[in-house]
Amino acid sequence: MENVKEFVQKMEMDTRVAALMTGAACAVGALVLLVRKGISHKKTNDKIQIARDRRTESLQQAELAVLRYKESRPSIDSARILNLSLSELTKQLKSGSLTPEDVFYSYMEKTLDVHKNLNCCTGVLLESFDQLKTIASNKDGLLYGVPVSIKENIAYKNHDSSCGVVINLDQPAKEDSVLVQVLKRQGAIPFVKTNLPQGLLNYDCGNPIYGQTVNPHNFQKTSGGSSGGEGALVGGGGSVLGLGSDIGGSIRIPAAFCGISGFKPTAGRISSQGVKPIYRGQKSVLSSAGPMAKDVESLALCMQALLCDHMFSLDPTIPPIPFNVQVYESTKPLRIGYLENDGYLQPSPSMVRAIREVKALLEQAGHTLVPYSPLKISYLVTELLIKGVFADGAATLLKKLKGSPLDPCLKAQVLPYYLPKWLKKALSFLLKPLVSSLPMCRHALNSTVYYHSQSIEKQWYYQYKPQCDTVTNQYLFSALPAALTCTMIYNLLTFPAGVVPVTTVTAEDEQELQHYTGIYQDRWDRLFKQAVSQSEGLPVAVQCVALPWQDELCLRFMKEVEQLVKQSRK
């Protein structure tokens, strides 16, 4: 019996020792994890601070250079230069009535001014000062002497293209993107990079590296995204021409928000080499780089400059189709499909008014307007758009965000992606009666999509198209994910599309908005109403669309809308 007692006591002691050792091991493990997390957190903060310091230094150097130039040229009339359209600017630069130096420093000064209010720049390209010294060698270029801003994800040698995520910092481009090379050959001077949202796939414009960009017309509103820095800078007068990229409205939305024009070409019409996506391999919904400017003529001139032999030789995957001036300058009456409501997102009163006013102007000008509505829009959003962009269940996006603080504009969007699949399915079932208008939140990420199946579905949408030359629809000035139906559909179908500002929100629009209920009368409809409220005076645009490879026709249509609106105001 005594032996048994001794054995039990020994076992109890061994158990206590084992428990103590296990506890100590757990504590050490937890401490190691905390230390590692602390080290990782410090590394992240250090990388962010280095990027911010680099931006600050470039802005300060640019400011000093501007001050020195203005001291040497006190008679420079910057206000007159900044008021010129791109076509007028290029003519005066060609004739010699303006010097590239005066133009460059006028826009640099204005950019620095605009950035202080809007936080739209990620850094000045200090190499542009050196390029300015040798610019005379490109005097025959269509954009000779024109300062051009570029979105942060467009590669410029020795500069990061972070896409707003920390993991991409300290990875400077080894060479210029094809677009930057072509711009330089055409005499343009890329001089500043502009802000974007974390991970690109967002209609706001903020990231934990460079902060939040705001709207030039109302600092309490967003500039839109993802080319929000470009929209803000051009809309604020700091750039006469900018280059953005667009995978779901990323050129068109910020252009509309900021009261400027923006154009998304047919996918594959201009080179994407060196235009960095947040992840590679996604081929269902294609991105396009494109121009942003104050007027349509500037967009057309930029496209004409880009579609040149130099681009076709640098990127042989681009079909060598130069800009068709004859189509762009045609005055032939058009047959135009118009869309007020796609049955998925009820437009705001100002949006409806904008499309009706433009429809009336086009009819008065002799064009034929035909009502048009896309079919199976809910199915398209869930099965083709969202599952196309996130065919891997957003795994690659989450990998890119790993170790990075989440920007507030992205947090609500990506947190559900971290949930395990079983929980997503359970939430899909529970949310179904509550969020009827947003199937993407319920089940779009529950399975992988087969691209072959998607390509067949896309062909069906090609076959169902209005028998029209072009299509126009309204454009919202404050975005929610439901805006996918207005924009990303044309990335899916590779249609060229652009936006033109046509009016502003009125007090009457605001009053009528009080009665807005939405199509589904759910949380997203209420959020949309909240987002577009208190917007009196903000710009409203219409979107113009054409069939693939009819980019010049789309721009011609945009120019027609722009001119008719201007004439109606007179």
Side-chain angles (χ1 to χ4, degrees), residues 202-204 220-222 224 248-249 253 256-257 338-356 371-387 389-390 408-417 419 423-446 473-489 503 505-536 538 540-543:
N202 197 282
Y203 294 154
D204 200 348
Q220 303 306 311
K221 295 281 187 179
T222 180
I253 288 172
F257 284 20
Y338 71 94
L339 173 66
E340 278 190 17
N341 189 332
D342 61 12
Y344 193 80
L345 172 67
Q346 181 184 337
S348 69
S350 61
M351 293 158 64
V352 174
R353 178 175 57 80
I355 201 70
R356 289 176 182 174
Y372 157 67
S373 181
L375 296 180
K376 299 172 69 175
I377 195 72
S378 295
Y379 177 82
L380 177 144
V381 170
T382 304
E383 301 301 321
L384 300 184
L385 297 182
I386 302 303
K387 285 187 176 181
V389 174
F390 296 116
C409 75
L410 188 65
K411 192 172 291 186
Q413 178 184 328
V414 302
L415 286 180
Y417 304 159
L419 300 176
L423 185 54
K424 289 180 189 174
K425 289 183 176 180
L427 288 174
S428 297
F429 176 79
L430 295 172
L431 288 173
K432 189 171 183 178
L434 302 175
V435 200
S436 55
S437 69
L438 210 60
M440 65 194 79
C441 282
R442 300 199 309 265
H443 57 264
L445 300 178
N446 284 339
N473 60 19
Q474 75 288 328
Y475 218 89
L476 62 163
F477 43 84
S478 291
L480 288 172
L484 288 169
T485 60
C486 303
T487 56
M488 195 181 278
I489 180 176
T503 186
V505 181
T506 65
E508 291 77 14
D509 294 328
E510 288 283 294
Q511 187 64 35
E512 193 175 339
L513 184 65
Q514 300 299 318
H515 308 292
Y516 179 95
T517 58
I519 292 173
Y520 297 93
Q521 300 179 24
D522 63 4
R523 177 175 177 266
W524 291 102
D525 282 332
R526 291 191 293 274
L527 280 175
F528 175 80
K529 179 179 178 180
Q530 179 185 344
V532 301
S533 64
Q534 298 180 352
S535 298
E536 185 176 346
L538 290 184
V540 183
V542 295
Q543 180 174 216

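For reference, positions follow the sequence shown, starting with 1.
E340 and I355 make their closest contact through CG-CG2, 3.4 Å (heavy atoms, listed as atom of the first residue, atom of the second, distance). Q534 and K221 get closest at one heavy-atom pair: O-CE, 3.7 Å. Nearest heavy atom pair, residue Q511 against residue H515, reads O-CD2, 4.0 Å. Of all non-hydrogen atoms in G249 and T487, the two that sit nearest each other are CA-CB, 3.7 Å. Shown here for C409 and D204, the closest heavy-atom pair between the two residues is CB-OD2, 3.3 Å. Minimum heavy-atom separation, T503 to A354: CG2-CB, 3.9 Å.
A donor-acceptor contact shorter than 3.5 Å links the side chain of Q543 to the backbone of C486. No donor-acceptor distance shorter than 3.5 angstrom exists from the side chain of K529 to the backbone of S348, with no hydrogens or angles considered. Counting only distance, with no hydrogens or angles, the side chain of Y203 and the backbone of G248 share a donor-acceptor pair below 3.5 Å.
Residue Q220 places its CD atom among 12 or fewer non-hydrogen atoms of other residues, nucleotides or ligands, all under 6.0 Å distant.
Considering CD of E508 and OG of S350, their distance stands at 12.0 Å, rounded to 0.5 Å. Note that CD1 of I519 and CG of N341 are 4.5 Å apart. Values are rounded to the nearest 0.5 Å. One distance of note links CG of L380 with CG of L385; it measures 4.5 Å at 0.5 Å rounding. Atom CG of residue L410 and atom CG of residue L415 lie 8.5 Å apart, to the nearest 0.5 angstrom. Interatomic distance, I377 CD1 to T485 OG1, rounded to the nearest 0.5 Å: 5.5 Å. The CG atom of D509 lies 10.0 Å from the OG atom of S535; values are rounded to the nearest 0.5 Å.
Ring pair Y516/F528: centre-to-centre distance below 6.0 Å.
Listed by chain and number, the residues in a side chain to side chain contact (heavy atoms under 4.5 Å, CB included) with Q521 are T517 (sequence neighbours excluded).
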Going through the distances and angles, do V381 and I386 end up as a side-chain contact (heavy atoms from CB on, under 4.5 Å)?
CA-CA 6 Å; V381 170; I386 302 303; 4.2 Å; yes
Run V532 and M351 through side-chain contact (heavy atoms from CB on, under 4.5 Å) and show every step you take.
CA-CA 10 Å; V532 301; M351 293 158 64; 5.6 Å; no
After noting the C-alpha distance and the side-chain angles of L513 and V505, does the key distance pass the side-chain contact (heavy atoms from CB on, under 4.5 Å) rule?
CA-CA 11 Å; L513 184 65; V505 181; over 6 Å; no
